[in-house]
There are 2 protein chains.
Amino acid sequence: MAEKAAGTARPDLAAMVVPLGRALMAAEQPILDAHGLTMWAYAVLLRLDETPIRTQAALAEAIGADKTRIIAVLDDLAARRLISREPDPMDRRVRLLALTAEGRLLRDTVQAAIQDGEERLLTVLPAADRSGFLRALRALSTLPDLTLG
Amino acid sequence: MAEKAAGTARPDLAAMVVPLGRALMAAEQPILDAHGLTMWAYAVLLRLDETPIRTQAALAEAIGADKTRIIAVLDDLAARRLISREPDPMDRRVRLLALTAEGRLLRDTVQAAIQDGEERLLTVLPAADRSGFLRALRALSTLPDLTLG
DNA sequence: TATTGTTATACTCTATAACTATA
DNA sequence: TATAGTTATAGAGTATAACAATA
């Protein structure tokens, strides 16, 4: 306890989590590239596979992007028939978005490849740490606010 | 096991880690702001407090920044006497960097505030998950490469 | 000639503002 | 007039290239 001032017990959380996130994204990149998907395109496929979403703005919000940010992404996905994107007959201003069969297949293929790699990566951890890590990660990443003050 | 295709057991790691990192950085921001530090300036103070570093390029590399990126940061820190930055008498091309007493004090103050907040945040986790999380995080964030292929 | 640090430039990503079409 | 989507523009952040000083 006397030497507490000399060095810290652990690095700040952000100092560990942010670089880890960057490394994980970089590690996913080759897999996404192999299937012609950007990170945003993959995020769209993942999100659309959960629950149907009504507006593009809501989709953008859900994946943490700007509504203008995803338009080119949707253009590309629709052109490749990975998603459908049709005006809502009830309100022709909104575009209804949904995965096509090919879109769901691609999503499953890519995610399986990514999670296979992740499982292999996680084997470096002791079993107990590993399950605690995953549980903690899910808990923390679903917290609504997260303030330190 | 039959319903594996319908939804995945867990989100991709990057899908949890990256947003968590962003949230943690955002949560640190008010504390950094209160002390007039940017994230990069804080990263510099943290790094310089560990082991003396010889060149600016090496410092930039160590904190994951471009060498041109940190020049304005060093200008500001030096002007505020939080770091010293003098030409090496042995090789006048290089600038020797070191924390001043005030720099170390500020570093300690800010990190204490941040880690206090983090400890409070971590209390939402069961004790077992929490220690596993921290151990796993340290292990993964110090891995040299991290590939999924 | 090679290297450190600096400045100037260009590029990428993202957000803001202006526009079209529907309501 | 208000809203969904789109396009055009501007801004932040980052990296690349050119430059000055020193070796």
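Keep in mind the model is a prediction, meaning the values are calculated, not measured. Residue numbering restarts at 1 for every chain, and letters A, B, ... go by the order of the sequence lines.
The backbone N or O of A:Arg10 lies less than 3.5 Å from a partner atom in the side chain of B:Gln115, making a donor-acceptor pair. No donor-acceptor distance shorter than 3.5 angstrom exists from the side chain of A:Asp145 to the backbone of A:Thr147, with no hydrogens or angles considered. A donor-acceptor pair under 3.5 Å is formed between the side chain of A:Asp91 and the backbone N or O of A:Arg93.
Computed from coordinates, the A:Glu61 CD to C:dA15 C1' distance equals 15 Å when rounded to whole Å. As a whole-Å value, the separation of B:Asp91 CG from C:dA2 P is 17 Å. Regarding A:Gln56, its CD atom lies at a distance of 17 Å from the P atom of D:dT3, rounded to whole Å. The CD1-P distance, from A:Ile53 to D:dG5, rounds to 10 Å in whole Å. Distance NZ (B:Lys67) to C1' (D:dT16): 10 Å, rounded to an integer number of Å. Atom pair B:Ile70:CD1 and C:dT7:C1' shows a separation of 15 Å (rounding to whole Å applied). Summarising the geometry, the separation between CZ on A:Arg54 and P on C:dT22 is reported as 16 Å, rounded to the nearest angstrom. One interatomic measurement links the two molecules: CG of A:Leu74 to C1' of D:dT6, which rounds to 12 Å at whole-angstrom precision.
Remark: B:Asp49 engages B:Arg104 in a salt bridge, criterion side-chain N to carboxylate O under 4.0 Å.
The side chain of A:Arg85 contributes an N or O atom lying less than 4.0 Å from OP1 or OP2 of D:dT6. The side chain of A:Trp40 contributes an N or O atom lying less than 4.0 Å from OP1 or OP2 of C:dT14. At least one side-chain nitrogen or oxygen of A:Arg69 sits closer than 4.0 Å to the OP1 or OP2 atom of C:dT14.
With DNA chain C read from its 5' end, the first of the two nearest nucleotides for B:Thr68 and A:Arg95 is the one closest to B:Thr68.
When distances run from any side-chain atom of A:Asp66 to the nucleotides D:dT16, C:dT16, D:dA23, the shortest one goes to C:dT16. When distances run from any side-chain atom of B:Arg93 to the nucleotides D:dA21, D:dT7, C:dG5, the shortest one goes to D:dA21. Distance from the side chain of A:Arg92 is smallest for C:dA23 among the nucleotides D:dG5, D:dT6, C:dA23. The B:Val94 side chain lies nearest to C:dT4 when the options are D:dG5, D:dA4, C:dT4. Of the candidates C:dA15, D:dG5, D:dT14, D:dG5 carries the atom nearest the A:Ile71 side chain, counting heavy atoms from C-beta on. For A:Thr55, taking side-chain heavy atoms from C-beta onward, the closest of the listed nucleotides D:dG5, D:dT6, C:dG5 is D:dG5.
Put simply, A:Met39 and A:Tyr42 are part of the same group of oily side chains (I, L, V, M, F, W, Y) that touch within less than 4.5 Å, one to the next.
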